[in-house]
Colleague: 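Mind looking over this structure? Questions follow.
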Number of protein chains: 2
Amino acid sequence: MMEGEPAASYHNITMGFVRLHKSLPDGREQVTGFARPGDFLGLASEDNYGVTATAIGPVTLCRFPRDRFRKLMHALPTLEDRLLGVASHELVIAQERMLLLGRKTARERVASFLLDLAPPCGETGLIQLPMTRTDIADYLGLTIETVSRTLSTFRREKRIEMKVPNQLLLLDRNGLTRIAQASAL
Amino acid sequence: MMEGEPAASYHNITMGFVRLHKSLPDGREQVTGFARPGDFLGLASEDNYGVTATAIGPVTLCRFPRDRFRKLMHALPTLEDRLLGVASHELVIAQERMLLLGRKTARERVASFLLDLAPPCGETGLIQLPMTRTDIADYLGLTIETVSRTLSTFRREKRIEMKVPNQLLLLDRNGLTRIAQASAL
DNA sequence: CGCCCGATTGACTTAGATCAACGTCGGTGG
DNA sequence: CCACCGACGTTGATCTAAGTCAATCGGGCG
């Protein structure tokens, strides 16, 4: 699924991770979101896709041809209802990201990012990062260097632990929450 | 309608302009969008509103209590269909804004903003700005000074004309389009 | 073993923010 | 009627957060 291409299908991820992104002619990239198993792709499309989807590692997904899916949707009002709910939720998330991209500092962005990843990890605070530093940077509107430096700072401050680059442990969730919300120092 | 408040109603603007925004505890603001007559408010809500709506000047709107509206929606599948379409469109716009906020320069942002305002003005290119420089800055993730300076630059470059601060004329739509898309200088 | 790719760290640069002064206009009251 | 005031906008000087450029590290793979 590629930005600008006719939106022929909806998809549902069954395994793996997908990066959704848009780009500028000169190569600058903005990751608009990451999709995890269970996520539904294609809602943010009109006649053409608005973003490009790229697999991060191996992915399996379930494809629904657009016309057939729309018929199904009309036959099952509950489904359409559900989709409207999903779309509303995505809009709320999108607005939160505008606040992050438009007004937060690098430190606040990275803290917000870590906390967004936290829920699925429950109490343990152990986070697997399926994406590279480049993906994170393009997601947060920063450079890989700034992401790396900020993570190092959090490590020095004992807010996170990171033995390997793509697996980390939240040590100070409260502190990170304060930083993410920009509540006074 | 205020960020975090229970989402009690949907609204349809019949007159005037509304600013939708989120803010950080220390006062930093991000305008997530402006709404014009005909626009529908409340789609981007779950149980609570995700943004605050503030009137820019006098506004009249049509209020739909949430429960009643949802009943109506279930009775009229065409309406729900329409709303899903609106939500998809909003998502596409939101993604475009993430690209702008995350990756575009000040110059590119202001050019994009001007072009977004252009359509309703047709060929003439005469744009009425209902919002202040502060609103524009908070919309584009910039400061008022940068917005003002960039507009002055465009004026010096004969791309726009601006006799009074809130009314301007597009002189070089092609040039602005090139700038907005970041297509080589 | 050596290569390559991703991540980290350091030195330096810069776009845009901040701080500050000034201009302009519309409203208010003397 | 016009002098004052406050809000909004513009412009200039300076500062800084984050970007760029560059060197180094480290782990997986052929």
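If you're wondering where the values come from, they're calculated on a predicted model, not measured in any experiment. Throughout, protein chains are lettered first and strands after them, A, B, ... in sequence-line order, and every chain is numbered starting at 1.
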Colleague: With distance as the sole criterion, is a donor-acceptor pair present between the side chains of B:Ser9 and B:Arg63 under 3.5 Å?
Modeller: yes
Colleague: Students should find this one: the first and last nucleotides of DNA chain C, 5' to 3', lying under 4.0 Å from a heavy atom of chain A. What are they?
Modeller: C:dA7 to C:dA11
Colleague: State whether B:Lys22 and A:Glu96 are salt-bridged, where the test is any N-O pair (Lys NZ or Arg NE/NH1/NH2 against Asp/Glu carboxylate O) under 4.0 Å.
Modeller: yes
Colleague: Evaluate side chain to side chain contact (heavy atoms under 4.5 Å, CB included) for B:Phe17 paired with B:Arg36, printing each intermediate quantity in order.
Modeller: CA-CA 5 Å; B:Phe17 293 88; B:Arg36 349 172 98 267; 3.9 Å; yes
Colleague: Please give the remaining members of the hydrophobic cluster of A:Leu126, linking ILVMFWY side chains under 4.5 Å, ordered by chain and number.
Modeller: A:Leu169, A:Leu171
Colleague: Of all residues at least two apart in sequence or in a different chain, which pass the ring-ring contact (aromatic ring centres under 6.0 Å, His included) check with A:Phe69?
Modeller: A:Tyr10, A:Phe40, A:Phe64
Colleague: Using a heavy-atom distance cut-off of less than 4.0 Å, which residues of residues 129-154 of chain A contact DNA chain D?
Modeller: A:Gly141, A:Leu142, A:Thr143, A:Glu145, A:Thr146, A:Arg149
Colleague: List the atom pairs, with distances to 0.1 Å, where a side-chain N or O of residues 80-89 of chain A and a protein N or O form a donor-acceptor pair under 3.5 Å, not counting sequence neighbours.
Modeller:
| from | atom 1 | to | atom 2 | distance (Å) |
| --- | --- | --- | --- | --- |
| A:Glu80 | OE2 | B:Asp81 | N | 3.4 |
| A:Asp81 | OD1 | B:His74 | NE2 | 2.9 |
| A:Asp81 | OD2 | B:His74 | NE2 | 2.9 |
| A:Ser88 | OG | A:Leu84 | O | 3.3 |
| A:Ser88 | OG | B:Leu43 | O | 2.6 |
| A:His89 | ND1 | B:Glu46 | OE1 | 3.0 |
| A:His89 | ND1 | B:Glu46 | OE2 | 2.8 |

Colleague: Can you name the ring-ring contact (aromatic ring centres under 6.0 Å, His included) partners of B:Phe154, sequence neighbours left out?
Modeller: none
Colleague: Could you pull out every donor-acceptor pair under 3.5 Å between side chains of residues 134-147 of chain A and any protein atom, sequence neighbours left out?
Modeller:
| from | atom 1 | to | atom 2 | distance (Å) |
| --- | --- | --- | --- | --- |
| A:Asp135 | OD1 | A:Arg19 | NH1 | 2.6 |
| A:Asp135 | OD2 | A:Thr132 | N | 3.3 |
| A:Asp135 | OD2 | A:Thr132 | OG1 | 3.4 |
| A:Asp138 | OD1 | B:Arg103 | NH2 | 2.8 |
| A:Tyr139 | OH | A:Arg97 | NE | 3.4 |
| A:Thr143 | OG1 | A:Thr146 | N | 3.3 |
| A:Thr143 | OG1 | A:Thr146 | OG1 | 3.1 |

Colleague: Listed by chain and number, what are the side chain to side chain contact (heavy atoms under 4.5 Å, CB included) partners of B:Thr52, not counting sequence neighbours?
Modeller: B:Met2, B:Glu3, B:His21, B:Thr54
Colleague: Please list, by residue number, the residues of residues 156-164 of chain B whose heavy atoms come closer than 4.0 Å to an atom of DNA chain C; answer none if no residue qualifies.
Modeller: none
Colleague: Reading nucleotides 23-30 of chain D 5' to 3', which nucleotides get B (base under 4.0 Å from a protein heavy atom), which S (sugar-phosphate only), which -?
Modeller: --------
Colleague: Which other residues belong to the hydrophobic cluster containing A:Val18, where Ile, Leu, Val, Met, Phe, Trp and Tyr are joined when side-chain heavy atoms lie under 4.5 Å apart, directly or via other members?
Modeller: A:Met1, A:Ile13, A:Leu20, A:Leu41, A:Tyr49, A:Val51, A:Val59, A:Leu61
Colleague: Quick one: do B:Leu99 and A:Met98 end up in the same hydrophobic cluster if we chain Ile, Leu, Val, Met, Phe, Trp and Tyr together by side-chain heavy atoms under 4.5 Å apart?
Modeller: no
Colleague: Of all residues at least two apart in sequence or in a different chain, which pass the side chain to side chain contact (heavy atoms under 4.5 Å, CB included) check with A:Met162?
Modeller: A:Arg133, A:Leu151, A:Arg155, A:Leu168
